[in-house]
Every structure is written in C-alpha cells, then in structure tokens.
Number of protein chains: 2
Amino acid sequence: GMGPAKKRKTLPKPSNPLKSFNWSKLPDRELQGTLWLEIDESKTIKQLDFADFDKNFSAYQKKGNDESDDSYGSFKQQKPRELTVIDGRRAQNCNILLSKLKVTNEEISKAILTMDSAEIIPKDLLEQLLKYVPTPEEVSLLEEHKDEVSNMARADRFMYDLSRIVHYNQRLNCLHFKKKFQERMSDCKPKVEAVMKACREIQTSKKLRKLLEIVLILGNYMNRGARGNAGGFKINSLNKIVDTKSSLDRNVTMLHYMLEMMEKKFPDVFKLDEELASVPLAARVNLGELEKDLNILRDGLKSLETELAYQRNRTSQDRGDKFVSVMGDFKTVSSISFSKLNDLLEDAKERYNKVCKLFGEDPSKMTLEEFFQIFDVFIQSFSEAKLDNINIRKKREEEEKRARMEAERIERDKLRKAARRAKNNKNGEGEFDD
Amino acid sequence: GMGPAKKRKTLPKPSNPLKSFNWSKLPDRELQGTLWLEIDESKTIKQLDFADFDKNFSAYQKKGNDESDDSYGSFKQQKPRELTVIDGRRAQNCNILLSKLKVTNEEISKAILTMDSAEIIPKDLLEQLLKYVPTPEEVSLLEEHKDEVSNMARADRFMYDLSRIVHYNQRLNCLHFKKKFQERMSDCKPKVEAVMKACREIQTSKKLRKLLEIVLILGNYMNRGARGNAGGFKINSLNKIVDTKSSLDRNVTMLHYMLEMMEKKFPDVFKLDEELASVPLAARVNLGELEKDLNILRDGLKSLETELAYQRNRTSQDRGDKFVSVMGDFKTVSSISFSKLNDLLEDAKERYNKVCKLFGEDPSKMTLEEFFQIFDVFIQSFSEAKLDNINIRKKREEEEKRARMEAERIERDKLRKAARRAKNNKNGEGEFDD
C-alpha cells in the first residue's frame, strides 16, 4: 500500500476567489492507519466541472433578492457583488448580532481599546461578541483580500477591522470579565455567608441540644433491645419523628405531641425554628457549583494578569489604548475582593467539617447540602406542626363551646318545663299543657 | 469531660407495648468527638410525663374514625384495638400496595415458594413488594408479639407472615429478576445489534468512500494555504458542508450542489443514505447506559447462583418449595442468553474501536454516540437536501412552462393581428380596426 504520507494530487486553480469550506483537516501524521491512505481521488478529479463550481461558489456574493431563477436577470448581474469568505452560517449569525449592537466597527474598536469607558456595549451582547472573534485562519483568509476591504460583506468587514487591534481576543475576554465581575461576586458572597452563619447557628444552638435530649430520651423509652439503649442518634432521625403516629389519632404525630408538651414545659425549645434562621438559605447552596463559580473568577484574574504583563511590555502603544491604566486599577481592586471571598469560603468549609463531625457524620460522605437540608426539612415540619396544633386547639375549643351551649340549652328547657308545670298546678289547669 | 462511653440513664419502663420510632442509632464507638458526650439528659427525664406518653403512643391503635374528640366515645373504646409496631408511613404505603394486589398473605407466600408459577403477582407490583420486605429489626419487633398475631394491623401481619419464609428477601429478589429478564434482554439486544451493523456498514460502504473523495477534492480546491493541501479530514467536517452557501443563491448550499452533480455523474453515491440504514438506530444508543443494563443482568445472575447454592444445601425443605427446580432451569437458560449478548457487546465495542481509528479518531476521546451521531446528522441533511432539490426543480419547470405559454400567447396574438390586417386590406376597410 501507500507510505504514511499521501501523494498530493494536481488540482486546477480557481478562476476567481472562492468561498471557504470550514472543514477540520487531518494533518499528515494522523493519516496512518486511516482509510484516507486507501483513497485515490485522481480519477474523480477528472470528472468534476470546476468552472461551474467557480461560478456557484465565488467569494463574490450576488447581492439583492435570492430568487434562483435568473432568466430575466441580466440587469441583476450588474449590481455590485460583495466579497464573502467567512463561513455562511457564522457570517449570518454575526450579522444578527451586529444589528442588535447598532454601532459602527470603529465605535466597537474604540470601545475595546478603552475597555468600554463609554459603556456602549451591553453585557449580554458582549458575551455574544466573544463567539465572533475571527480565528487565525479567518484572519489570514481576510488579509488575502485586504485591498478589497470596501467590497467586503458586513461580517467579513467586521472581523477584518477588529482583527487590526493587537490581542483583540484577549482584550475582549478581559472586558467581559470586568463587566461580569460584580454580578458574579454578588451571586457568590451571600451563599458563602449563609453557609458560615448556618454552621455557627447549628453549632451553638442551645435549643437544638435540648431538643436532641428530649428525642434521645423518648427514643430510648420507645425502642427496646438493639434499637434502644442509644447514646446518640444520626441527625436524619429528626425527620422520622413525624412517621410515628399517635395511637389515639393517626393525624397526630410524635412531633405534634412533643410540640404540645414543649410549649408548656420547654418554651425556649418551642422557639427552635427562630434560632436557625440561616439554615434554609444554606440548604439551597450547592458547594460544587459555588466552587466552580469561584474558579471562573480565579481563572479570569489570572488571564487578566497575563494580559496586563503582555500589554505593559509593548514598546509602542496607541494613544487611545487605555488597557493598562483601566485594567491595572480594576485588577488591584478585584483581586482584594476575590481574595476575601475565597478565604471566607475556605473558612466556611472548615467550619462545616467541624460541625459535621460534631453530629457524628463524615464530611467526606455527607455533602454540605445534604447536611443542611436535613435541618431545613425538620424546621419546616416543626413550623407546620405548630400551626396544626393551633388549628386542632381552635377546633377543640369550638366543639367544647358548642357542647357547653347545647348542655345549657337543655338545662334551660328543663327549667322552663318545670316552671310551667308549677304554674299550671297553681292555676288548677290540666297537667298536660306544654 | 466524659469518657468515650456514655453512662446510661435510668428510664422507667412503659406500662404497655409502644409504637417504634424509626431512628438511626449512633453506636457507642461513633460518639467520640460528638456533641452527644456533652449531653446529659438526667434532669430532663424527670420533667417528662411517661404515663401520658404511654396512652398516646401505645402499640395498640384505636380503630374506627379518627376524630380527636373523644367526649362521646366511651363506647368507642370497647372496639378491639389493633397492634401496630411498624413505622406509620411505611405501614400506610404497604397497605396501599396490598389493596392493589388483592391477594391474601397465604396466596403471596405460596407464590413466593413456587416462584409464582400461577402468575398472580404482576411485574410492577412485585417491584413495589421489594420495598416492604421487613428489616431484621422489624422482624424481631414483630416476633415479640407473635402470640397476638390475630390482633396485628394489616401491614404488621403481612410482614410477620412473609418473614416466616426462609430467605424471603432473596427469593423475592430472584423472582423479580426472573420476571424482568426477558424485558431487559429485549431492550438491550437490538441496541447491541444496531451498533454492530452500523459499524459494519460504515466500514464497508463504497458509496461513503466515494463521497469522501469528492469532498476532499472540493475542499482542497476551495481552501488555500494551511487550510488546504489535505490528505484527509475529520468526519465532523461532513456537517460543515451545508454551511457553505452558493454565491448565486443563499438558500442553496454546497450539499445541494453536490447532490445535483452526483445525481448525474455519481448515481450510486447519490443513494448513500440507503446504504447506512442502521446508523440512525446506533446513534441513539448510549453505551454507558447499555453497559449498566448488562451489569444489572450479570449481577442478578450472580445473586441467583448464590441463592441456588444456599437452597440446594438445605437439608429440609417444604414440599411446596419449588425454588430449586424452577430457578435451576431458569438459570441455565438465562445464563446462555446473557453470555451471547455479552459477547456480542464486546465484539461491537471492538469493532467500534477499529472503525473509529479508520477515520482518524481516538475511541478513548470520541464516544460511540458522538461518532454515529455525526453520520446520522449528515444522512438527515443529505436526505432533506435531496427533497429540496426536487422542489426547486419542480418550481423551475413550472416557471419555465409559464414563460413558454406566455411567449406562445404573445406569438398567437401577433399572428392574429397580422391576419386581421391582411383581411382588412383585402376587403378595403380601414387600417385601424383591431
């Protein structure tokens, strides 16, 4: 068979510049063992009509309506043709974005150089712009036509103009990072603080410890043998309390019973839900996601540092180029903010490890979310059962009141009948009036 | 502080059997370093009213309506009370299942011993039954009350009766496996076969290789410099062909153009979609899920083997116990079926590795799904573009027909006018009739 390198076949040269085909070429060194070494396209080359292909896939797009029927169209061919070498789908989407932005290429260039001090690029559109940074291949394709700049289609022209900026890609990424920084910090910080607070609340709550005492006593009282005689229990047991129903009324659980009892005998424990106020928030924090978010911030700062070093080292810069001054200041301030947040998260994780072990759990096996969710679910059941008890009490009072009034009514009727009979006897009338 | 073991506190004994509390006890060895060693419940014990608790959480459930108001209820207390020690929520859900099954405990026991030869337990309800196998703790709780079997609540009685069967849990699992076996095989087998076929089709398709030739030629023709001069390309390039639009008509892509051309010059390649018929099916197979499914089958067969060994070793078995005979046969047959399927999957995976490398891809980096999906998407685009071309052709023919008839109409009018003028001249009438 053939050796590792493939012999190149002779192809004709196009008579006009052509559109590009956005393939992923396989380099020669990766052809070994592939079917490409078995493919010999020499015969097929002779069968293709390249002249016809040139006409249909010229880099010069026919402007105007897109009717395929060209029979009346000789005058149409006299319209100026746009040069378009950028992949069709990509160009189309880029144009859509540019329509939304409503600014000239020059205005965008200026915004990039000043890190958008005039704030003409909204955050969400900037994110889209990142997708349309020309690749090195696209840049070299466009540069082949730099003497026809005024003929370029919109997307092509945009990519060409922006590629004139030194390190356009890196600057755009830094600008995006700067615009998103505050939003990301505001998203992360409350989550980290909630975890910190919830750990502290659970660790120090006296009401919680009193509750655990009561549950331990009752559990040992109810459970005999191997299931009883416990020195402690796992915290997920708290959410099993509602599964034990009263033998007098299936709608009343052991939790309802405990709350009735605690309201009278342990009124401070009765207010446990108020003492663990940060737990519901902490229960919604996903640590993995939170760490990913902090990694984005960390990596962004590193990239910014790299780019600042590069830009500072440049011997010649345009007068309009404000990257170093603007981003230098930004980096100083944002690094401090991030550092504080990062330290806070490390503290929170350390504190979680401690409080987890305090309850006999293994922090490597129980995630932060699982831990707080156990308490969150319990606090919700606790609060709901308190409301249930109030309703039950009301119903009982109304029922007792009704019973009492019924009893009084019966009593009054008795007295009235007795009084009437007495009166009749006095008047000498028959006994059988009523 | 206290030593690692906690001193046990003295608790009163309940005056009647109590409901259980389904907690997860922390063994003494796990109390080290926890807050449990700081908890001393001795004082709190004195504050609790255990007699009241006994009344509210007796193992004997008050039967009848669940009104909490007991004022008129002295006659209600004379109703027989059910014994219920199983956790309330679990018992309730078990009862719901038993209502759906509509069979007696004895009928279920018989079904378990005969591996449901009478087929009284539907597959889906059997799956539910697995959840209500009594735990060792529940069994010992129930056995404490075995002299009151006739008082037991429904779920308690069910769990007690079924726990009389030796290895009830294992038998139930084997029965479930047996019932699900065919369904699982029928789910897996076509998927494995589709992968096998699709690999073969892609590997051997001559039409595909011809197509690749044509695309290679055109790509090298269009792409200059570093992007051109390729000996081959990555297969995801096939789905970029539609991104290159015709310069005469944006609605026409390079794929449409190639199909028009191939219909005339390479009619066999034109029918490529017919040759890769198994690809769409293979593209929907998730290898990870498929391997999980086979693992379930493999593990089930192992468990079955273990249980058969146990049951065969028993010196005394009930005459009604058909486990060994029924499951022995089943195991023999199912092992063979599974073995074949397993080997087929290994072959398919091996074949995928080969075909993947044939296209210059790395099977450790490209999953089976990704690979087939590239071809699946391409085949869909291929078929759609063929239909588009038919429609474009129709429209063009109608347009040409209309133009032709219009031209003929104009021609006929001309002739009619000329004929009339000739007639008028002959008759000596004015020239200006029409």
Side-chain angles (χ1 to χ4, degrees), chain A residues 6 11 18-26 28 30-31 33-36 39 41 44-45 47 56-58 60-62 66 68-69 87-89 137 209 213-214 216-217 219-223 227 230-234 236-237 240 243-251 257 265 357-358 360 399, chain B residues 6 11 18-26 28 30-31 33-36 39 41 44-45 47 56-58 60-62 66 68-69 87-89 137 209 213-214 216-217 219-223 227 230-234 236-237 240 243-251 257 265 357-358 360 399:
Chain A
K6 240 188 107 163
L11 277 175
L18 296 176
K19 294 223 183 272
S20 60
F21 167 36
N22 195 18
W23 67 2
S24 304
K25 176 180 161 184
L26 268 175
D28 280 2
E30 288 182 37
L31 297 179
T34 71
L35 85 179
W36 292 108
I39 281 178
E41 66 268 29
T44 311
I45 290 180
Q47 293 177 267
N56 279 271
F57 293 94
S58 159
Y60 297 96
Q61 188 72 27
K62 191 173 88 170
D66 278 342
S68 50
D69 182 2
D87 170 86
R89 184 195 303 275
E137 287 171 336
R209 289 184 188 220
E213 270 188 51
I214 296 169
L216 182 64
I217 294 168
N220 277 328
Y221 184 67
M222 296 165 83
N223 294 331
R227 283 234 299 197
F233 54 81
K234 288 169 79 83
N236 61 6
S237 309
K240 303 293 177 81
D243 292 344
T244 301
K245 320 277 197 234
S246 160
S247 48
L248 300 179
D249 183 350
R250 273 195 193 284
N251 293 323
Y257 181 86
K265 295 190 177 179
K357 289 178 190 159
L358 193 66
E399 194 52 47
Chain B
K6 241 188 104 160
L11 277 175
L18 296 177
K19 291 221 186 276
S20 60
F21 166 37
N22 195 19
W23 67 1
S24 304
K25 174 181 163 182
L26 268 175
D28 279 1
E30 288 183 37
L31 297 179
T34 70
L35 84 181
W36 292 107
I39 282 178
E41 66 271 28
T44 312
I45 292 179
Q47 295 177 267
N56 279 271
F57 292 96
S58 158
Y60 296 96
Q61 187 72 28
K62 193 172 90 172
D66 278 340
S68 50
D69 183 1
D87 168 87
R89 185 196 301 275
E137 289 172 335
R209 290 183 187 222
E213 269 189 50
I214 296 169
L216 181 64
I217 294 168
N220 277 328
Y221 184 67
M222 297 165 83
N223 293 332
R227 281 233 302 198
F233 53 82
K234 288 169 79 84
N236 62 5
S237 308
K240 303 293 177 81
D243 292 346
T244 302
K245 319 279 197 230
S246 159
S247 48
L248 300 179
D249 183 349
R250 275 195 194 285
N251 294 323
Y257 181 87
K265 295 189 177 177
K357 289 176 188 160
L358 193 65
E399 192 51 45

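Naming convention: chains lettered A, B, ... in sequence-line order (proteins, then strands); numbering from 1 in each chain. None of the values given here were measured: they were computed from a predicted structure. The basis for the numbers below is simple: all heavy atoms, side chains too, and nothing from hydrogens, waters or symmetry mates.
For chain A, the nearby part of B:Tyr257 is the side chain; its heavy atoms alone come within less than 4.5 Å. Only the side chain of A:Glu137 comes within less than 4.5 Å of a heavy atom in chain B; its backbone stays farther off. Only the side chain of A:Leu18 comes within less than 4.5 Å of a heavy atom of chain B; its backbone N, CA, C and O stay farther away. Of the two parts of B:Asn236, only the side chain, counted from C-beta on, holds a non-hydrogen atom closer than 4.5 Å to a non-hydrogen atom of chain A.
By number of non-hydrogen pairs under 4.5 angstrom with chain B, the leading residue of A:Leu35, A:Thr44, A:Asn220 is A:Leu35. Most heavy-atom pairs under 4.5 Å with chain B: of the set A:Thr244, A:Asp87, A:Asn56, this distinction falls to A:Asn56. Annotation: maximal heavy-atom pairing with chain A below 4.5 Å, among B:Ser24, B:Gly88, B:Gly219, B:Gly33, occurs at B:Ser24. By number of non-hydrogen pairs under 4.5 angstrom with chain B, the leading residue of A:Leu11, A:Ile45, A:Thr34 is A:Thr34.
Nearest approach of A:Trp23 to B:Arg227, heavy atoms of both residues: NE1-O, 2.9 Å. Smallest separation of non-hydrogen atoms from B:Lys245 and A:Lys19: O-CE, 2.9 Å. Annotation for B:Gln47 and A:Lys265: closest pair O-NZ, 2.7 Å, computed over non-hydrogen atoms. Contact record, B:Asn22 with A:Lys240: O-CG, 3.4 Å, taken as the closest heavy-atom pair.
Expressed to the nearest 0.5 Å, how far CZ of B:Phe21 lies from CZ of A:Phe233 amounts to 6.0 Å. Distance check: A:Asn223 CG to B:Lys25 NZ gives 9.5 Å after rounding to the nearest 0.5 Å. Here the OH-CG distance, from B:Tyr60 to A:Leu248, works out to 15.0 Å after rounding to the nearest 0.5 Å.
Judged by distance alone, the side chain of A:Ser247 and the main-chain N or O of B:Ser58 form a donor-acceptor pair under 3.5 Å. With B:Gln61 contributing its side chain and A:Ser246 its backbone, the two residues share a donor-acceptor pair below 3.5 Å.
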